[in-house]
Amino acid sequence: MNCYHCGNEFDNEPLSADDKIFCCLGCKTVYEILSENNLSSYYDIEQTPGARPEESLEKYSFLDNQKIVEKLLEFNDGSVQIVNLYIPHIHCSSCIWVLENLDRLHLGVGGSVVNFPQKTVRITFNSEKISLKELVLLLAHIGYSPYISLEDYQTKKNNPNRQIYYKLGVAAFAFGNVMLLSFPEYFETDEFWIEQYKPFFRWIMLLLSLPVMFYSASDYFISAYKGIRSRILNIDIPLALGILAMFVRSCYDIFTDSGQGFFDSLNSLVFLLLIGKFFQQRTYSFLSFERDYKSYFPIGITKILPDGTEESVQVYDIKQGDRLLIRNQELIPVDAILIRGEANIDYSFVTGESNPVQKVSGDKLFAGGKQTQGAIEIEVLKEISQSYLTQLWSNEIFNKDKDDKFKTLTDKVSKYFTIIILGISFTSLFVWIYLAYKNLAEPVMPLNVFTAVLIIACPCALAISAPFTLGNMLRIFGQRKLYLKNSKVIEKMAKIDTIIFDKTGTITTANKSDLTYSGTELTTEEQIIIKKILRNSNHPLSRQIYDHLVVSDTSTFIGSFTEIAGKGIEANVNNISVKIGSAGFVGKQTDKDNLKTSVHFSLNGIYKGCFIFSNSYRKGISDLFNSLSNRYKLVILSGDNESERDTLENLLPPDSTILFNQKPDDKLNYIELLQKEGRKVMMIGDGLNDAGALKQSDVGIALSENVNVFSPACDGIMDSTKISDLKAFLKLSKKSIQIIKGSFLLSFIYNVIGVSFAVLGHLSPLVAAILMPLSSITIVLFTTLNTNVAARKLK
């Protein structure tokens, strides 16, 4: 009998619960735990999906050591902790389902996300309610024992899956020996000893082929099975059918002593398939690594030098012991110690928890947190970990809705490709069976033709076209300072028909605006107060005023600080109440005759004056607008007044849309309205007030100057100096789709020719097995060469 939970056969006395049979108390206990927590639908997703729970859990006793726990934790902010555990038993959709519902098994678990390809689960939990050891034991009790190796815990996740090496080695050994044993029959000699031992050699070939069939080729069968079970025609189904047909026919020949079968072709096919797979894995891993290494986020951060002056540096220049200034709404890029200021850290980017955490001087701050109240000074504990920030930015939590609705080109094509190949294969099989039945063909021909068609039409080339093209293009974009979150963004960019620009800090430069002051003459003390407050803000206008004021006494921190998006700043310095922002925000009636961009301020409710800006537009912005107008609808959404309308109308093509006085919510609602009309929208903003619009758009690009504008809402970050290259980037995204389609066409031409020969019976399975991986290599060379040639046009 079989256990209801784990599916294992057993002969001992069964245990029962709710008319279900279990092999041991552990499996029964897991079933009862899931049932008590309304998780019994775990078994509805897949029959017997569980693993037998660990009988001995003493091996996790080392988790009582707090020093070891600290090394394993990815994030530790007192009560809230995050750990990323490797779970070897993850193998199906029910595994994912139960592991992402751990919060229903224990109140101490805040949330969990499974990475199925890497077999890991990232768990956020409350250490006051459940310790790491208790969490690990909970996983072990339900059959998902984590694998924790203190020696290689950090490296194992970065190393490639070594199963490919083992499977390739087994296939190579069998392939070489089976080919050697097949030589006598190839030459059809009548030598006495060869004829005498021919059956023995055939059985040896069968035995050597078993590990290849059931181990080396197992991934193709598992993938095909899961596809059929999920009613999805994946690209491994025709391949698995070809291998199975070849194996069954060869076994039949051996058992009936009617021939040597096709074990030589079978082993060569699997061996060459694995070589192709190995080649794809190595090359794509290289492209991914190069992208991670080269395309570091263009996040600027303010470094405080020993003499007290401030300097903007790139994040990867940060060293241990450096002191950094983190302004309001800036992301903390490194683990650090809080030195000065009141920290109010939003860790939702890391933990998903939106409630800010208060920190005081001496507390540890973690990379990924966002300061939400004024400015703070921190001292760096560790140099920046790129892989950690990359993991945060790529977290599905922040882009799930967009990607769920988006179907890639490969998704659309592969389904029909598989249907066509299966149709041709079975049609050819039945036609040749009829011909063999009528004695118009040899009996072996139906199976030979069926197998050859499935092998020659293997859709491996189809599967790797998009990954190689888009992976290489990600690297190229990164080299030219456009850093995209993932390859899907390129496909989305190719479909864009509407481009929306923010004005301040996006099409205008934050460094060259003419700035004048109008109002009551400011005392030195008042200038110091204003500069202290603006030191905390990241808004482009705030940064310009801060740089404009020449006073230098900014050593002390303000008492309170609140920055309201689209309105301004309210703060308190030395018991003086200060408001800085729009005229209405500070209590000043708008002067209709003065429509220039301005920042007003008041002290203790008394209006003092305003700083007036004459915008300086980025170099080449007019040419960019004119070049984009032929293909795209252009829109300017500005939070400023209409003072720049005449200037913008001269810069933009006549049919462009310009909207002023747009609050953050207005921008988001406008984009949503365009999307309901069927438009594909790209939003380009500064990443500050535009977070909602960037998130709502199909593609959101945050422009980076010299400040930390990184936001999980965006799909990409562009260096501000590269905005004039926007048309070239969009053209490259369209070119990427053309290259993918070209590689599809190349693959189809190859398949049409190959299948034609196979259907007519002129192509043996062995030759098909050799040509199949060669087609994959051809596609890799085609996509890589074409993407590099296309990139040369981007100056």
Side-chain angles (χ1 to χ4, degrees), residues 329 402 492-493 496-510 513 538-542 564-568 581-582 584-585 590 595-599 613 615-618 621-622 624-626 628-629 631-705 709 711 713-718 720 723 726-727 730:
Q329 298 301 312
K402 289 185 181 182
K492 294 176 185 177
M493 285 176 62
I496 293 299
D497 55 28
T498 303
I499 305 175
I500 298 178
F501 296 89
D502 174 47
K503 183 174 80 69
T504 305
T506 302
I507 63 173
T508 64
T509 177
S513 297
N538 226 344
H539 194 280
L541 299 182
S542 299
I564 303 172
K567 293 185 178 181
S582 64
F585 180 69
T590 305
L595 295 178
K596 291 186 176 181
T597 300
S598 56
V599 175
F613 297 82
N615 287 310
S616 175
Y617 290 88
R618 295 190 185 277
I621 198 70
S622 179
L624 174 65
F625 289 152
N626 290 328
L628 292 174
S629 60
R631 288 179 173 269
Y632 304 96
K633 173 181 173 63
L634 301 182
V635 180
I636 300 291
L637 295 182
S638 174
D640 296 335
N641 55 46
E642 298 192 15
S643 62
E644 296 287 322
R645 177 176 288 279
D646 291 341
T647 303
L648 287 172
E649 287 180 347
N650 291 328
L651 286 175
L652 288 159
D655 57 347
S656 303
T657 301
I658 307 174
L659 298 176
F660 294 98
N661 300 307
Q662 296 293 297
K663 297 178 181 178
D665 287 345
D666 296 331
K667 295 180 181 181
L668 187 153
N669 293 333
Y670 182 78
I671 291 173
E672 189 175 14
L673 180 63
L674 289 177
Q675 290 172 328
K676 288 180 179 179
E677 296 175 356
R679 289 194 168 272
K680 303 297 181 182
V681 180
M682 170 184 278
M683 172 71 193
I684 301 179
D686 56 23
L688 299 169
N689 298 335
D690 302 321
L694 291 170
K695 175 71 174 176
Q696 179 62 40
S697 60
D698 295 280
V699 177
I701 303 295
L703 212 64
S704 172
E705 194 91 46
V709 299
S711 169
C714 66
D715 299 297
I717 303 173
M718 182 191 293
S720 60
I723 190 170
L726 179 61
K727 181 183 178 182
L730 291 168

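All residue numbers refer to positions in the sequence shown, counting from 1. Keep in mind that the numbers below use all heavy atoms, side chains included, and drop hydrogens, waters and symmetry copies. A quick note: this is a predicted structure, and the numbers were derived from the prediction, not measured.
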Do the non-hydrogen side-chain atoms of [X] and [Y] ever get within less than 4.5 Å of each other?
X: L703; Y: M718; result: yes
X: M683; Y: D502; result: yes
X: D666; Y: L659; result: no

Return the [atom1] to [atom2] distance between [X] and [Y], rounded to the nearest 0.5 Å.
X: L694; Y: I671; atom1: CG; atom2: CD1; value: 7.5 Å
X: I507; Y: S638; atom1: CD1; atom2: OG; value: 8.0 Å
X: S629; Y: L624; atom1: OG; atom2: CG; value: 10.0 Å
X: I496; Y: L730; atom1: CD1; atom2: CG; value: 8.0 Å
X: M493; Y: L726; atom1: CE; atom2: CG; value: 7.0 Å
X: I499; Y: I636; atom1: CD1; atom2: CD1; value: 10.5 Å

If you draw a 6.0 Å radius around CG in N626, do more than 12 non-hydrogen atoms from other residues or ligands fall strictly inside?
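Above 12, so yes.
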For residues 670-685, pull every pair meeting side chain to side chain donor-acceptor pair (under 3.5 Å), keeping only residues two or more places apart or in separate chains.
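The answer is T498-R679, Q675-Q696, Q675-D698.
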Shortest non-hydrogen separation from L541 to V599 and the atoms involved
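Reported closest heavy-atom pair: CD1-CG2, 3.9 Å.
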From Y617, Y632, F625, residue fulfilling ring pair (Phe, Tyr, Trp, His ring centres under 6.0 Å) relative to F501
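One option only clears the test, and that one is F625.
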Identify each donor-acceptor pair in which a side-chain atom of residues 646-658 lies under 3.5 Å from a protein atom, sequence neighbours left out, and give them as a table.
{"from": "N650", "atom 1": "ND2", "to": "D646", "atom 2": "O", "distance (Å)": "3.1"}
{"from": "S656", "atom 1": "OG", "to": "P653", "atom 2": "O", "distance (Å)": "3.1"}
{"from": "T657", "atom 1": "OG1", "to": "K633", "atom 2": "NZ", "distance (Å)": "3.2"}

Do side-chain atoms of T508 reach the backbone of K503 as a donor and acceptor pair under 3.5 angstrom?
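Such a contact is found between T508 side chain and K503 backbone.
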Can you list the steps and then say if D715 with K492 is a salt bridge (charged side-chain N to carboxylate O under 4.0 Å, His left out)?
CA-CA 10 Å; D715 299 297; K492 294 176 185 177; 5.1 Å; no
